[in-house]
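Labels below follow one simple rule: chain letters A, B, ... track the order of the sequence lines, proteins then strands, and each chain is numbered from 1. Just so it is clear, the values below take in all heavy atoms, side chains as well, and ignore hydrogens, waters and symmetry mates.
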Number of protein chains: 2
Amino acid sequence: MGRPREFDTDQALESAMRVFWARGYEAASLAELTAAMGITKTSMYAAFGNKEELFRKALQRYGAGPAAYAMRALGEPTARAVAVAFLRGAVRTTTPPGGPTGCLTVQGALASSDDGRPVHDLLVDWRNDAGVRLEERFRRAVAEGDLPPGADPRRLARFIMTMGFGVAVQAANGLGPAELDEIVDTALLAWPS
Amino acid sequence: MGRPREFDTDQALESAMRVFWARGYEAASLAELTAAMGITKTSMYAAFGNKEELFRKALQRYGAGPAAYAMRALGEPTARAVAVAFLRGAVRTTTPPGGPTGCLTVQGALASSDDGRPVHDLLVDWRNDAGVRLEERFRRAVAEGDLPPGADPRRLARFIMTMGFGVAVQAANGLGPAELDEIVDTALLAWPS
DNA sequence: ACGGTTCTGCACCGACCGGTACTTAACTAC
DNA sequence: GTAGTTAAGTACCGGTCGGTGCAGAACCGT
């Protein structure tokens, strides 16, 4: 009951996510966010709480959308296939045809003022969690004989994550998917046979 | 002639560089910068011009100091030694015992508002230039027979740069030098024999 | 001693920051 | 029709942003 909302919250959140993606958390002003969302500040606060909450929800949406490749990659049958799917996914997501380059979780708040500390820490945790999940998947691969017995799952996971972060920076640097795929091919030469 | 300056510009610039390093360009406020430099805003403007000029000079100092490892690495005798020196240097610089973690050129302005665009572009150029110099060094290595004839210098340079950027993000994520060195060791398995 | 020059410290500028109080509009239940 | 509820729009809040005008202080050459 009450007056119905005149905008689509999913759509507005998608727009906000793109602004955060392009600008980072702190540099994305409420004025630019709400302009992109097509609503007023008042409506944003009523619907999402505040700027930080809006970012948290945008990050959630990012994880379920553009960054879903990371979870999907874990489902690949072999450790090598997981690594390949993960890095190819990173390349695609960081170089979308009609969207911001780079990775929201990397450029969202790599460095920040004291005010942005909560979001900074949130993203640190997000990135580390992704590494832990990759590590667990590789540990399973060792148990399944899919990786050599001497392989170090944690080390391999960190290596793949590091490449992913590097790809995100290179994408922000202007490299395209073809060039990034080449880099990924080179990196995969390090993968244990 | 005129009243002599009461502070050491080099020392003040060093302090400013550290603040930019920890906060990034836009999130570093003039208040925090000048507090760290031990001078007033007026003195800063008189000595360095404005915030953007201060950053440019801090970046120059960063290149000549903490990031000098990059230029130094180019002087190594073999391509492999260059790659090793470059990545080990990146690890050391992004995890200083008593300084900010990560890399100033990466977290300085990966994403920014419109106001920060000039600095953003400056850092993009800085990072790309580093890659080009590495590429030129590897091209020379191919000519000298130091790398296999089929090796692709550009691709190898981009791979090493990507690892360097990834290391910078992992350092900001909290990883220490020992863990980062492990990651570098893993990456170097991809290096052509 | 004195004019010229440069640096310092304080107060202040307009603009924008994230966030909100309040009025009005649009709906539902009765 | 009317009371209750929620959304939308405007106008505003104190605080901070990068940047500056101005007066006085510290030096130089003469």
Report yes or no: is the cationic atom of B:Lys51 (NZ for Lys, CZ for Arg) under 6.0 Å from the centre of the six-membered ring of B:Tyr25, at an angle within 45° of the ring normal?
-> yes
Do any side-chain nitrogens or oxygens of B:Ser43 fall under 4.0 Å of OP1 or OP2 in C:dT8?
-> yes
When only distance counts, do a donor and an acceptor, one from the side chain of B:Arg3 and one from the base of C:dC7, lie under 3.5 Å apart?
-> yes
Rounded distance (Å) that lies between atom P of C:dG18 and atom CG of A:Leu54 | 11 Å
N/O (side chain, B:Lys51) to phosphate O (OP1/OP2, D:dG18) under 4.0 Å | yes
Protein-nucleotide distance (A:Asp114, atom CG; D:dC17, atom C1'), rounded to Å = 16 Å
Where the side chain of A:Pro4 is defined as all heavy atoms beyond and including C-beta, which of C:dC27, D:dC17, C:dT5 is the nearest nucleotide?
-> C:dC27
Round to a whole Å and report the spacing from CZ of B:Phe7 to C1' of C:dT6.
-> 12 Å
Would you kindly give the CD-to-C1' distance between B:Glu26 and D:dC17, to the nearest whole Å?
-> 11 Å
Reckon A:Thr42 has a side-chain N or O less than 4.0 Å from the OP1 or OP2 of D:dG9?
-> no
Interatomic distance where CD belongs to B:Glu32 and P belongs to D:dG18 [whole Å] = 10 Å
Would you check if the distance from the ring center of B:Phe138 to the ring center of B:Trp191 is below 6.0 Å?
-> yes
Below 4.0 angstrom from OP1 or OP2 of C:dC17, is there any side-chain N or O of A:Ser29?
-> yes
Atom-pair distance (OH on B:Tyr45; C1' on D:dG21), nearest Å = 14 Å
Tell me what A:Ala27 touches on the nucleic acid: a base, only sugar-phosphate, or nothing, going by heavy atoms under 4.0 Å.
-> nothing
Taking the side chain of A:Arg5 as its heavy atoms from C-beta onward, which of D:dA8, D:dG19, C:dG18 lies nearest to it?
-> D:dA8
Could you state the CE-P distance from B:Met1 to C:dG3, rounded to the nearest angstrom?
-> 15 Å
Does B:Met44 or A:Tyr25 map to a spot on DNA chain C nearer the 5' end, using the closest nucleotide for each?
-> B:Met44
Sugar-phosphate, base or nothing in reach of A:Asp115, heavy atoms under 4.0 Å = nothing
Aromatic ring pairing B:Phe48/B:Phe7, orientation class (parallel under 30°, perpendicular over 60°, tilted between) = tilted
Let me know which of B:Arg158, B:Arg154, B:Arg155 forms a salt bridge (Lys or Arg N to Asp or Glu O under 4.0 Å) with B:Glu135.
-> B:Arg154
Closest to the A:Glu6 side chain, choosing from C:dG19, C:dT5, D:dA8 = D:dA8
Lys/Arg N to Asp/Glu carboxylate O, A:Asp10 vs A:Lys57, below 4.0 Å = no
Rounded distance (Å) that lies between atom C1' of D:dG21 and atom NZ of B:Lys41 = 13 Å
